Amino acid sequence: MIQDHLFFTGINILLAWSVYIILLSGSLSFANGAFMAIGAYSAGVLSVKFAWPMALALAAAALATGVLGALIATPALRTRGVYLILLTTGVTFCVQVLLENFDYIGGVGGLGGMSGATVWHVYGAVVLVGVLLWWLSRSHLQRMLDAVREDEQVAAALGINTVYLKVVCFALGAALAALAGGLYSHYMSFIRPENFGVLVSVYVVLYVVFGGVNNLWGALLGAVVLTLLPELIRGLASWRPLVFGLLIVILLLVCPEGLLPWRSATLKSRVNDD
Amino acid sequence: MTRRTELSTAPTAHGGATSLLTVESLCKRFGGLQALDHLSFAVSTGEVLGIIGPNGAGKTALINCITGLYQADSGAIRLDGTDLSNRAPHQISRLGIARTFQNIRLFRRMSVLENVAVVLKRWSQRPLRSLLLRSDGPIRKSALQLLDRLRLADKADLLAGNLAYGEARRLEIARALATGPRLLFLDEPAAGMNEEETATLAHDIRGLLDQVQGVVVIEHDIGFIRSLSDRLIAMDYGRKIAEGLPQEVFANAQVVDAYLGRDDD
Amino acid sequence: MLAEQILNGIVLGSMYALVALGYTLVFGVLDKLNFAHGETFMLGGFVAVAASALGAPIWLAFPCAIVLCGALGLLVEWVSFRKFQSADAQITAALSSLAVGLIVIDLVQKSFGSEPVSLELPLAVRTATVNIAGTELAWIKIAILAVALTLMAALHALVQYTRVGRNIRAVAESPLSAALLGVNVRQVNQQTFVIASALAGMAGLMLALRTGYAASDIGFTFGIKALAIMAIGGMGDLRGAMAGGILVGVIEALAVQYGLGKLGEVVVWIVMILVLLIRPAGLFQSSTRQRA
């Protein structure tokens, strides 16, 4: 039971970071639940029907979903703001209906037989991705992404290839969501299309918004708090959506940038460490 | 696909100097409004060119077309013979054109130093490489040098959003220089500055010519632009109505009419 | 049979249109998406359930739905939009209203359970038919269609010919110039939310009457499809929302008729994605823009 909670917290951290990576370049994606589904199913098919080892299946699923993400992003990122929210929501619905109507992977009935993922795997992935994001947060690339997020037009006019950066972020976010999905399917051992509805995408975005969009700790904190809080406080579990909704509404009113709103400078004029 | 043409086919007012930028018969329409109407001019190497005109004359539309934010309807723009039409803004920037923005558009949530560092030519063109090779030292040094030029080095760690007006305008210039431009467009760099700041700015801008090959300044302030420019172009309704030395242009009847005949600002 | 399926499609489509109108009205005026709108629509259905459970006459459910859903609209405006007026806050407002929607769903599920709840209609209402052009048609479908079309005509008249409508159009054009002209922008925003939410409530109520049950997840299925329809019709475009709603209703009915079922649902989303990519101004956009 406790193991389950730990596991889902880890998965949600990975998913929150997958949204955070896309948000780094200023795009908000409501399609990460769909990328998670694609990762869960493709990794599942590879290990169940083709007997691939789990690690290889996960890597292949993440890679394939990343490529798919780039293919979707290239036209989709011409839209912005609420238009992009609508478009990515549409992607989520389309993916779900496709999964339900694809008999090879079990259709509405679902796909079973995956195994092998443990809590350790998930937290291994969390640490790995966390270190990469921390490394990124101190790099020149982070600075360029901040510029793109703040004013895309100015960044482009000053020589930054904004389209490239946005597509790369979208692809990486999609790949990470797929990795989380693959781990999820190999832990649950049975998945159905309804596990990956639009609400999954919505919740994940809200984790990030709750924790704060300006640093990698915000997404982490948001995922941990909103996953564990209803479980920890007795009697709250059945009020989960209500607590969740109220927390978000109040937080946005009080502190619209999330719980951890700061952004730390990527470069100081004086040399401290280095 | 780059079409190379003979250098400096366009006329230059500056005797003998070669054309850095040539604009030929540029047109841009917004709905019923002709923002640019067959506009042609050239920027010579080593000069400060001033562009004046009442509000809505098409000056900012011109910069936006040259820097690729807008797509011109027709006409040609060449930088040293390289055709710029149909290129993305970041490509045009990398070919050597930088600009500032009339309505100050700094990255307000980033520090002054970061604003400059982020667009430094050497590091911004290969974004993913910075994950492997850290080069904070040289980046800091280059960025601080540029800030120093515009007298902003002591503000380096402030948030850009907290700068005073004049400082923000200077940071716009420092940031544009960081892209390593050959030609610099300044869109109303003195707007909102007092007389003293304006005079220092004029001096600063002339001093930039050791780093860039040409400067184009768009401005309302007649005294400022007269003292600063080697040559002037006057625009109205998207057309060029006069071109020449500052005193010639200000003596032109059409220019006087455009400025005095209509309510400006 | 085909004619009846088309009629079913038009009835369904008029519900879509009513909900999509609310989305588009709010988007036209505030330039923001109200993600709680689908739940407002859902709430309308439960007003019908409550009315029938309490034994109240069905006609009484209509004013109740208008008041309750209108009040919810006011609440959403206050909580999720009042503070987030700037263009930068577009996404914040959308997420905040989404969270309000989650709360509404949970409250409804706590009161009525998470399974669909059926409502008891008098036998006469359910089985009465009318004869139009030689075909026996269910009275309730015709009545619902008539009410929906009346509401749309009323909205059109309101926006075009009244002072409220003139103000709404002024704010949709530019909140700043409207404010300079003395229009009370906050009041117009509130009116817009009340009108949009009341329309959604009526749509939810009528859908419950038509199908005989109300479901708490309908905001996320039916409601969000209306969001897609709004985008297909052009965001902020009233006529586009009406035309798009009815078009999608008929397409879905025909998909059922020809055994395509679930695939009919995905058509809406694919069309929406294509419209957003190719014609972001909407499918029915002509040279003269008809904005809210």
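These numbers were taken from a predicted model, which means no experiment stands behind them. In what follows, every chain begins at residue 1, and chains take the letters A, B, ... in the order their sequences are listed.
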Residues, nucleotides or ligands: over 12 heavy atoms within 6.0 Å of C:R82 CZ: yes
Under 4.5 Å from any heavy atom of chain A - which part of C:L98: side chain
Rounded distance [0.5 Å steps], CZ in C:F35 versus CD1 in A:I85: 5.5 Å
Residue part contacting chain C, namely of A:V91, when any heavy atom lies under 4.5 Å: both
A:V82 side chain reached by C:M235 side chain, heavy atoms, under 4.5 Å: yes
Interatomic spacing from CG in A:L242 to CD in C:Q109 - rounded to 0.5 Å: 11.0 Å
Interface residue of largest heavy-atom contact number with chain A, from C:L95, C:V79, C:L102, C:L227, under 4.5 Å: C:L95
Residue pair A:P75 / C:L277: nearest heavy atoms and the distance that separates them: O-CD2, 3.4 Å
Residue among C:V268, C:V266, C:I224, C:I270 with most heavy-atom pairs under 4.5 Å to chain A: C:V266
Point-to-point distance, once rounded to the nearest 0.5 Å, from CG of A:L252 to NZ of C:K83: 9.0 Å
Residues in residues 11-34 of chain A near chain C [non-hydrogen atoms, under 4.5 Å]: A:L28, A:F30
Which portion of A:E100 sits near chain C, non-hydrogen atoms under 4.5 angstrom: side chain
Non-hydrogen atoms of A:P241 and C:D106 that approach each other most closely: CG-OD1, 3.6 Å
Top contributor to chain C contacts, counting heavy-atom pairs under 4.5 Å, from A:I248, A:T88, A:L246: A:L246
Reported CG-to-CZ distance for the pair A:L253 and C:F84, which is rounded to 0.5 angstrom: 5.0 Å
Over all atoms of both residues, closest heavy-atom pair of C:I103 and A:G245: CD1-C, 3.5 Å
Atom OH of C:Y213: over 12 foreign heavy atoms under 6.0 Å: no
Which atom of A:F93 lies closest to which atom of C:F220, heavy atoms considered: CZ-O, 3.6 Å
Chain A contact via C:S80 - which portion, at a heavy-atom distance below 4.5 Å: neither
Spatial distance of atom CH2 (A:W239) from atom CG (C:L107) [nearest 0.5 Å]: 7.0 Å
Structural part of C:I105 lying under 4.5 Å from a heavy atom of chain A: neither
Interface moiety of A:L86 toward chain C, non-hydrogen atoms closer than 4.5 Å: both
Under 4.5 Å from a heavy atom of chain A, the part of C:K110 involved: side chain
Inter- and intrachain pairs under side-chain hydrogen bond (donor to acceptor under 3.5 Å, both in side chains), touching residues 74-87 of chain A, at least two apart: A:R80-A:E152
